[in-house]
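Presented below is the structure to which this report refers.
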Amino acid sequence: MGGLILLLIYLFGGFLLSHFIFTEKRIVIRLWLGAVFGLTGLMWSHVPFSFIFEFTIFSHLCGFIFFGLIILCVGLYRKKSESGLNPFRNKKSKTNKLTASDKLLMPFLFVFMILGAILIFNHTLVEIDGGYYTGQATYGDMNFHLGIITSIAEQQTFPPDYNIFPGAPLDYYFLCDSVSSSLYIFGTSLKASYILPMLVGFLATFAGFWLLADKILQDKRKTSLAFIFYFLNGGLGFLFFMNKEKFKDIFTGWYCTPTNYRFKGDGETTIVWTNAIVDMMLPQRATLFGWMVVFAIFYLLYTAVFDKKNNFYLPAGILAGLLPMIQTQSFFATGLIALCWLIYTATRINKISKKSKTIPLTSKQFFVNWFKFGIPAVILAVPQFIIWIFGAVGGESFLNFHFNAYNEAGDFWPWFWIKNVGIVFILLIPAFIMASKKMKIMYSGAILVFAVTELVAFQTLAYDNNKLYFMWYLFSCILVSGWIIDMLDRMKKSQKSLKIFILTIVIFTASFSALLTVAREVVSGTPVEGEFYCCIGIYGSDQVEACNFILENTEADSTFLCATNHNNAISSLTGRNIYCGSGTFLNSHGVDYQGRSALIQEMFIRSNVFEENKESCGIDYVYISSNEKGSYPALDQEYFEKNYPCVYSKNGVSIYDVR
């Protein structure tokens, strides 16, 4: 309950801040930006104090006071400024009325939030017979995120280390997880701590895309089509599942969906373009919260550049500066897009528009505007790169030049993008050619993002470049949807039936793969009997019970010798250290884990190796369950039984105190 109250207080504070800054904007926009500010404030406000007092309730109280002072200062400044109006407009104010686009947004939000809530709840620590279950998309990543959440909250070390590779600084944008750690230390359950910020993130991300697209397109039909393109993205993958057996595989197989079908051995069917909701937002928390923030940045920066709202540069720059440790790829995309828009504004210096009577942009105003964006973005971002990204264990491998790395199967280049992205990619060239000058300038940043991402692998796995491609795809959806509606509008009124038919074909082609993937994901998290691959167990009841003992009877910074399985209950549920975790996680972060992984096997099967290394490795406890026995068949449990006290033994799980 304490964590929920904390979250609600920060959201209320974010709404106040948004009302003070954006008095003239309509209420839907202020509420959306308020949610972004509130959740971002919860992520960041404690950080300066956590360096001093570690990740504690006291550091959070200091952060809360700091956030409150920021709101107070902004409110006082607004009140004293010449344009300062009461942030709480009266009920007759136009800014409190819903536009036609806002009214259409509501049913879209309702439907997609219902879907999002179903997916979040039936994928997050679903308890069945004392064990925990999940769905297909979160079977991997959720274990890693849970480990960060619990280790930060339990160990309270700040900045945090890997609890699956103790001693190494955490080379990951961990604020997407520490926001749940904040709720956890205030007494909210682990499940609720995981879910609550995600619900806010889903809502703000859906609303953010809509309001950004609406700002650019100024047409609710175009906006709704762009929304469908982005969140129900799937390409032409459904074409490869048209026979009965393969179609059945979608719901019964393991990752046999039309939007994520990799390395299945049948050549042309390799699909790496993932669905925005179930493959990105649901399992990848950094992507979810990164999109939440970056959509707000793009909205503010677009408004500043193209609507000439100079007071929007500063909040856009502050949000951009806070972005690297929420999601670094979104920060890079922001920089590339801002660069293109900066060049555009530079071409407008001292030019008088024939269509507008506005005062031309002066050189001084140009530099003032972009300094307001750039200075906070750089000043806030640089320390994050120094401390966490380039200064961490895997930082040196963050960037690698590699053309076409995302095309893992080596398909013919145009065919790769056609089958993966589908209708949006097919129509991209005519849409760009026919676009207005303003739309082309808007899209210039997306072109640069795509070009750079084609040349550079931003993490150890090139597959993770999809996080940047989605920033290109964001503006591609907006560009293409605008062109499609314009083309339909040019058709004769008597061709209404043909218009509906064309639009139906376009939407079906664009979204059918995604609909199949989403349906499969809903099924995967639903506990049903039969042949469907559903509700996958991650932590058995024996492990959950052992973890409850560990939480109550061991020190928070204890280190366990155990197997390296990715669904490691100790690291995920207790936040304790394990000597070495799964290579699935560590390899993607550039961590050289092989030595430790090999040593674990030696320590389990050779008592002399264990004795020689236990102190230097900092081993406090040895954990033996079915995972360890299965991973190391020659495991010598008898040695531990004879030489060390067994502090826990139940349901096939034994824990030995080897200190």
Side-chain donor-acceptor contact under 3.5 Å, Tyr656 with Gln637 | yes
Between atom CZ of Arg596 and atom SG of Cys617, what is the distance when rounded to the nearest 0.5 Å?
-> 7.5 Å
Indicate whether the side chain of Gln327 and that of Thr287 have a donor and an acceptor atom separated by less than 3.5 Å.
-> yes
With distance as the sole criterion, is a donor-acceptor pair present between the side chains of Tyr162 and Asp171 under 3.5 Å?
-> no
Residues Arg576 and Asp557 bridged, charged N to O under 4.0 Å = no
Please check if any side-chain donor atom of Tyr139 sits under 3.5 Å from a side-chain acceptor atom of His123, or the reverse.
-> no
Pair Arg659 + Glu615, salt bridge at N-O below 4.0 Å | no
Pair Glu611, Tyr639: side-chain N/O donor-acceptor within cut-off below 3.5 Å | yes
Distance (rounded to the nearest 0.5 Å) between Leu282 CG and Leu288 CG | 9.0 Å
NZ/NE/NH1/NH2 to OD/OE distance under 4.0 Å, Lys650 and Asp542 | no
Would you give the length of the straight line joining atom CD1 of Ile185 to atom CD of Gln156, rounded to the nearest 0.5 angstrom?
-> 6.5 Å
Do you know which two heavy atoms are closest between Phe55 and Ser182, and how far apart they sit?
-> CZ-OG, 3.5 Å
Centroid-to-centroid, Phe202 to Trp291, below 6.0 Å?
-> no
Is there a donor-acceptor contact under 3.5 Å linking the side chains of Tyr173 and Gln384?
-> no
Assess the side chains of Asn260 and Asn275: does a donor N or O sit below 3.5 Å from an acceptor N or O?
-> no
Between the side chains of Ser631 and Glu628, is a donor N or O closer than 3.5 angstrom to an acceptor N or O?
-> no
